[in-house]
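Notes to accompany the following structure.
Atoms within each ligand, like the ligands themselves, are counted from 1 in listed order. All values derive from a computational prediction rather than experimental measurement.
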Amino acid sequence: MIEVAVKATTANLGPGFDCLGLALDIENRVKFSESHRNFPDKNNMIYSAVKRIFDITGKPMPLIDIHQQIGIPVCRGLGSSAACIAVGCIAGNIMSGANMSIDELIKIGTEMEGHPDNIVPAFLGGFTVSFMAEEKVVYFRQKAYEGFKYAVMYPEYTLPTAQAREVLPKEIAFKDGVFNIGRASLLTAAMITGDVELLKYACRDKLHQPYRKSLVPEFDNIVDKAQSLGALASFLSGAGPTIIAILSKDEKDFEVTMKNHLKIMKGNWTLKIVEASNEGVRVL
Ligand code: HSE
């Protein structure tokens, strides 16, 4: 039997569309065991990732059972699909004896997911910058800055990434591109150094949040409230609907006041305060 653990991830962090990512200390654990029956759900992403590795090696895949202990909210913009893919790739690599490198698995995972911004931190933990270039996933990975914690706020409704990508424009104004390049560059520096003055400006975005707000009607209200309660920055996590506020680690009052505020919002919102994680996907 193999057991694999993987963390949640947030992507974009505001301006870093499809390239910035951060692992968060929310975990899924998945057990794989031999089975005597066919796995019932061939569309299961963990199963698909295991199968992908076996297909690449050309070896027949054995019958397996998959048991999940789920901590990562599904379809909320917290990297649940990247987590399934990372777990499946790691387990498939071991079960098949393929002995692929992490970089090879990251590439396979990115091809399955379509973009690397959740996949890379799911595999490696920490804060990451990544993109696809000439069939290769190019990435930078840094230990997460220790002075921040993260208020992760999500509603009971889900938002499939495909739907959240449909509302994006096909083209953007040149000035909006310039706006985001500056913020994303500054945000990378702020996430490494912990410079809170930079963070105040760095999470703003003109590429996706303005368009996706229509799918998360509570967005402006929650972000305004978070900022008024001392959040250093707030953004839509991945494709949403989760909203994340970055807090100083010694901040004390945010949780209680924000939970009370969320009670008056539609959508039955949950708030969890978590730390970033430097742990990538791992075999237990
Ligand atoms: N960068 C992706 C997006 C993350 O915003 O659509 C969600 O998969």
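- Taking the ring centre of Phe179 as origin, the terminal cationic atom of Arg183 falls inside the region bounded by 6.0 Å and 45° from the ring axis.
- When all heavy atoms of Val74 and Thr158 are compared, the closest pair comes out as O-CG2, 3.8 Å.
- Pocket lining of ligand 1, defined as residues with a non-hydrogen atom under 4.0 Å away: Asn12, Phe17, Asp18, His115, Asp117, Asn118, Thr161, Arg165, Arg212, Gly238, Ala239.
- Aromatic ring orientation, Phe17 versus His208: tilted (interplanar angle from 30° to 60°).
- Within a 6.0 Å radius of NZ in Lys42, more than 12 heavy atoms belonging to other residues, nucleotides or ligands are found.
- For Asn28 (side chain) and Ile72 (main-chain N/O), a donor-acceptor pair under 3.5 Å exists by modelled atom type.
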Criterion side-chain hydrogen bond (donor to acceptor under 3.5 Å, both in side chains) on Thr10 and Ser237, from CA distance to verdict
CA-CA 5 Å; Thr10 182; Ser237 180; 2.7 Å; yes

